[in-house]
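Here is how names work: the chains are called A, B, and so on, in the same order as the sequence lines, proteins then strands, and each is numbered from 1.
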Number of protein chains: 2
Amino acid sequence: MQMDERKRKILRAIVQDYIATAEPIGSRTIARKFDLGVSPATIRNEMADLEDLGYIEQPHTSAGRIPSDAGYRYFVDCLMDPQVLNDEEKEIIERESTKRIQQIQEVISHTSKLLSELTNLTSIVLGPHKAKSAFGKMHFLPYQPGQVIMVIVKENGVVENHIVDVGENITAEELQKVAGVFNQKMRGYSLDHVKRSLLHEIYSELSRQRHLIDNTLDMLSTILDDSEEEDRVYLGGTLNILNQPEFKDLSKVKTLFKVFEENEPLKKLLHPNQEGLNVTIGGENTLKEFQDCSVISANYKVNGITIGAVGVLGPTRMDYAKAIAIVDFMTRSLTEVLTRRRR
Amino acid sequence: MQMDERKRKILRAIVQDYIATAEPIGSRTIARKFDLGVSPATIRNEMADLEDLGYIEQPHTSAGRIPSDAGYRYFVDCLMDPQVLNDEEKEIIERESTKRIQQIQEVISHTSKLLSELTNLTSIVLGPHKAKSAFGKMHFLPYQPGQVIMVIVKENGVVENHIVDVGENITAEELQKVAGVFNQKMRGYSLDHVKRSLLHEIYSELSRQRHLIDNTLDMLSTILDDSEEEDRVYLGGTLNILNQPEFKDLSKVKTLFKVFEENEPLKKLLHPNQEGLNVTIGGENTLKEFQDCSVISANYKVNGITIGAVGVLGPTRMDYAKAIAIVDFMTRSLTEVLTRRRR
DNA sequence: GTTAGCACTCTCCTTCAATGAGTGCTAACA
DNA sequence: TGTTAGCACTCATTGAAGGAGAGTGCTAAC
């Protein structure tokens, strides 16, 4: 059995209606709502075929049909009219992107908020990859006796500050020397690379100033441990899923929210290593908690290098056309903003 | 009608049992579970009195009694056995407080997490008050052409960095001068005070270097706008409330979580301006969303000055003795840690 | 003052039947 | 041969009815 034009029309009608109403749809309703020029009986026959093909299913005998994961997949791949954002939405995103923003983290968190507001879904944004981001420059500033502020500027523009213990008798000049060594040896290298290859070199360089080495050990581990830390995941609009009828069951909400508290599974959802825009539908998700959810995700870049990912998460019954359009536009905008920042 | 010893015993029994089971409790059950030496009938008579006094109420005629807000209040004020933490709990908190912590923000967020874990309630922690925190010192570091990193050290130990536009032709010496003026004029004063009283003085000082003033204006507004920003509120264990039977209704959860997304109402809950430990029960909360919740809150200090507040939020049916003990111990520990950091 | 006994109330649970939406099948039709 | 009308059938949902159970307040006896 093959898909023909009429089957496609009917499948599209089912998916669109189910996305809009969240109610199973029957043959009579399709005939009434969508002008296909055939009677409910004919539609019934076609629906039986579509069910055989695995594109739709029946919650129970006397209910209408709903799309299966495969049905959504077919819809996304073949049936969907690609959508472009309306001017209002574009303007909102663009207004946001022209704001004077100080730090990359702020850009990311705004993005997350905006995504969830525009889609009415839950947004997941993966911040810049710490261990992979290149070390830029290091500075020391006085803090209080025995401690200094270590300011680290990454090449992607992120600025971090750490407070480190140095002991009371280290001098400003000595700190200068330490910073000099770090800056000279590590500039442009990712922290991953430092840890794997450069540690020895830095030590041997510093060991000429024997009494410095204990302190610098601490500093290095501060920097590197920090890079070990989870890359931050920004969530937005988690409450939006409470509006979806598929989550009127509290226990579902609970398991989902529990996963939201952990970073690792969320990262996985975004396929941060896959290029381009990805649509993952229902059971295609590897995590069982998300098997009735779909995820639209895409990467953002700085200077052509992928540094993070954004996505939206919602029930499989989501408005794919709109969500895809928004995620797509958003990653482009984000890539542009971040690249612009670096001049 | 007066409270006598037996009435107190019965009220205590009702509150304790209801806290443990979340089920209305009847006279027969009280007689069975608690060894009061009287029959259910006697207890019934006393319960009728307690209801007249407003300490307990009946959800409906044929159900047992549950404590009213006034009942909880009486329990907390007069009946409760004050609890001390067990060694395990103490150890957990103390282990946390001896960790090497870099920044005050981390201490606060750990506190929030710990509070919610120990109490199984939702924790709310109000970070250090920005506008009221005193300016300490300012430094400039190079960033990229036309922008510099402005590092600000508050007197409470908080370190912030901002990126500011300065135009391409400002020199390092000029920045030094600007920092000098800021440091000299603002040190030790709260940003509130700077905004109210010192702005003029700083401008007139800087106007000697005419061409600097535009840039410094920007910097000042960066600092001061930031102080306008919401003081951050840290929430922990929001999912814990989903385990409470009183929140099995999704719409309740939704309204509550909606409030969680805003800072202002949460701050109000903590009574950050009230000294000592506060217990706010049910209807005593001014926000209608929280009228079936109770809040235990207390202030923490640095060097004797209140700079923030912590609290736990749960259903009125919470384990007050335990929650109070934990919040109390936690604020003391936090105060101690933060004071120690400053040496 | 305390207690046993009892009628009464009200929620909760189960059962049962009616309703209605939707289907698949068959036979008639173009 | 594809389309349609008609019809019997299925099954979730709704609401009513009735019984069980928990708990109360009142009365009378101790």
Could you tell me how far apart [X] ([atom1]) and [N] ([atom2]) are, to the nearest whole angstrom?
| X | N | atom1 | atom2 | result |
| --- | --- | --- | --- | --- |
| B/D49 | C/dG1 | CG | P | 12 Å |
| A/I43 | D/dT3 | CD1 | P | 11 Å |
| A/E46 | D/dT3 | CD | C1' | 11 Å |
| B/E23 | C/dT11 | CD | P | 15 Å |

> So does B/D292 pair up with B/K252, basic N to acidic O under 4.0 Å?
Replying inline: yes
Backbone N/O of [Y] and side chain of [X]: donor-acceptor pair under 3.5 Å:
| X | Y | answer |
| --- | --- | --- |
| B/N285 | B/F290 | yes |
| B/R317 | B/I19 | yes |
| B/T331 | B/V327 | yes |

> If the sugar-phosphate is the primed atoms plus P, OP1 and OP2 and the base is the rest, what is the B/S/- string for nucleotides 22-30 of chain D, using protein heavy atoms under 4.0 Å?
Replying inline: BSBB-----
> Given A/Y72 and A/F75, is the ring pair (Phe, Tyr, Trp, His ring centres under 6.0 Å) satisfied, shown in steps?
Replying inline: CA-CA 5 Å; A/Y72 285 121; A/F75 175 78; 7.7 Å; no
>> When both hydrogen-bonding distances must be under 3.5 Å and the geometry is Watson-Crick or G-U wobble, what is D/dA29 paired with, if anything?
In response: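 Across any shown strand, D/dA29 pairs with C/dT2.
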> Using purine N1 to pyrimidine N3 plus N6-O4 or O6-N4 for Watson-Crick, or N1-O2 and O6-N3 for G-U wobble, both under 3.5 Å, which nucleotide pairs with D/dT24?
Replying inline: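 Pair assignment: D/dT24 / C/dA7.
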> Which word best sums up how the rings of A/Y74 and A/Y55 line up, parallel for under 30°, tilted for 30 to 60°, or perpendicular for over 60°?
Replying inline: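 Tilted.
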